[in-house]
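Right, one structure below, let's go through it.
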Protein chains: 2
Amino acid sequence: MSTIHEASGLPADVYSAKCPTRQLLDHVAGKWTVLIVDALADGTMRYTDLHRRIDGVSQKMLTQTLRQLETDGFVTRTVHPTIPPRVDYDLTELGHSLRTPIAALREWIETNINRVEQARRIAAS
Amino acid sequence: MSTIHEASGLPADVYSAKCPTRQLLDHVAGKWTVLIVDALADGTMRYTDLHRRIDGVSQKMLTQTLRQLETDGFVTRTVHPTIPPRVDYDLTELGHSLRTPIAALREWIETNINRVEQARRIAAS
DNA sequence: CGGCATCCGTATTGATACTG
DNA sequence: CAGTATCAATACGGATGCCG
């Protein structure tokens with residue numbers, strides 16, 4: 001039973017270049033998206049928390065990805081008008097539902113890294 | 001129970017920039033990787049089959065991604081020395097095990113595209 | 001603290017043409 | 001059929017400096 005993309009009336013199909021699901025795939029299947037959504041699994045995190053947790057992400061990419069996650073409806077951004085300022089990021093319900101496949105991907109990677117490295121050694125020989 | 005990365009003796013952790021899992025995340029969480037692995041779910045496909053199935057992929061990206069999937073041990077490439085040539089691509093057992101989280105991601109996208117577009121309309125207003 | 005604006009080198013990607 | 005080679009466009013991403 002396939003989903004119909006309401007705005008176009010056509011079936012949702014990532015294999016079609018023009019289907020909006022393709023762009024969503026690009027958003028969701030990104031390194032930083034995976035890490036941010038997964039990091040927010042346990043609850044609220046501040047900007048600096050995320051920056052520290054996700055080793056190697058630049059301010060620019062963190063902000064950019066958070067904004068995209070926000071417009072796609074995966075995270076909420078709450079500004080506390082205090083001094084110093086404080087900004088909380090949380091998963092929405094939609095974001096939480098995305099957590100499941102994303103966590104599965106992360107777990108697969110961490111579980112199978114040794115098998116992949118073994119395959120690479122064979123390929124290199 | 002976390003996996004130990006054998007080559008380094010350290011825990012496998014995608015949050016660490018230097019952990020090899022981070023690079024693997026980059027390979028696995030890519031648009032073309034997702035589409036190719038998912039396309040091979042039903043069995044053998046030839047180069048041209050994949051090119052037709054995955055709308056919008058260039059020859060270059062298709063070849064490049066297939067080579068990467070091959071060295072990572074996800075697909076096998078079988079050349080038949082016939083005229084005209086024929087090259088078959090298949091998932092390995094490792095590739096099959098990756099199918100599960102990848103198919104889950106694709107299905108999530110196709111199922112939730114309308115909710116995302118609704119969130120975007122709200123964000124734009 | 002949590003950004004944004006700008007610059008800038010590099011890696012990715014696409015289009016096109018050609019080949020065994 | 002299944003690529004490779006080449007060039008041009010561009011997006012990615014880091015570094016820096018400034019601001020409320």
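Every chain is numbered from 1, with letters handed out A, B, ... down the list of sequences.
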Please check if A/Ile122 and A/Val116 belong to a single hydrophobic cluster, counting links between Ile, Leu, Val, Met, Phe, Trp and Tyr side chain heavy atoms closer than 4.5 Å. no
Contacts of [X] that satisfy salt bridge (Lys or Arg N to Asp or Glu O under 4.0 Å) - sequence neighbours left out:
{"X": "B/Arg86", "result": "B/Asp88"}
{"X": "B/Glu70", "result": "none"}
{"X": "A/Asp55", "result": "none"}
{"X": "B/Arg115", "result": "A/Glu93"}

Can you sort out which residues in residues 72-92 of chain B have a heavy atom within less than 4.0 Å of DNA chain D? Ascending by number, please. B/Arg77, B/Pro84, B/Pro85, B/Arg86, B/Val87, B/Tyr89
Set of residues satisfying ring pair (Phe, Tyr, Trp, His ring centres under 6.0 Å) with respect to A/Trp108, sequence neighbours excluded: B/Phe74
For B/Ala123, the side-chain contact (heavy atoms from CB on, under 4.5 Å) test, sequence neighbours excluded, returns A/Thr71
Do any pairs count as a salt bridge (charged side-chain N to carboxylate O under 4.0 Å, His left out) and have a residue in residues 116-125 of chain A, sequence neighbours left out, and if so which ones? A/Arg120-B/Asp72
Are B/Thr48 and B/His51 linked by a side-chain donor-acceptor pair shorter than 3.5 Å?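 No donor-acceptor contact under 3.5 Å links the two side chains.
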Going by number, which of residues 14-24 of chain A have a non-hydrogen atom under 4.0 Å from DNA chain C?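 Under 4.0 Å from DNA chain C: no residue of residues 14-24 of chain A.
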Strictly below 4.0 Å, heavy-atom distances to any atom of DNA chain C: list the hits from residues 36-52 of chain B, or just say none.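 Going residue by residue through residues 36-52 of chain B, none turns out to have a heavy atom under 4.0 Å of DNA chain C.
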Applying side chain to side chain donor-acceptor pair (under 3.5 Å), which residue pairs with at least one partner in residues 56-66 of chain B are found, sequence neighbours left out?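 Sorted pair list: B/Tyr47-B/Thr63.
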Minimum heavy-atom distance [X]-[Y], with the two atoms named:
{"X": "B/Thr111", "Y": "A/Thr3", "value": "CA-OG1, 3.4 Å"}
{"X": "A/Val28", "Y": "A/Thr33", "value": "O-CG2, 3.6 Å"}
{"X": "B/Tyr15", "Y": "A/Arg106", "value": "CE1-CD, 4.4 Å"}

For atom NE2 of B/His27 and atom P of C/dT12, their distance in whole Å: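 The answer, rounded to whole Å, is 9 Å.
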Between C/dA11 atom P and B/Gln68 atom CD, what is the distance in whole Å?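 After rounding, the gap between these two atoms is 15 Å.
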Pairs: protein N or O with nucleotides 9-19 of chain D N or O, under 3.5 Å:
from   : atom 1 : to      : atom 2 : distance (Å)
D/dG13 : N7     : A/Lys60 : NZ     : 3.0
D/dG13 : O6     : A/Lys60 : NZ     : 3.1
D/dG14 : OP2    : A/Ser58 : OG     : 3.0
D/dG14 : O6     : A/Lys60 : NZ     : 2.5

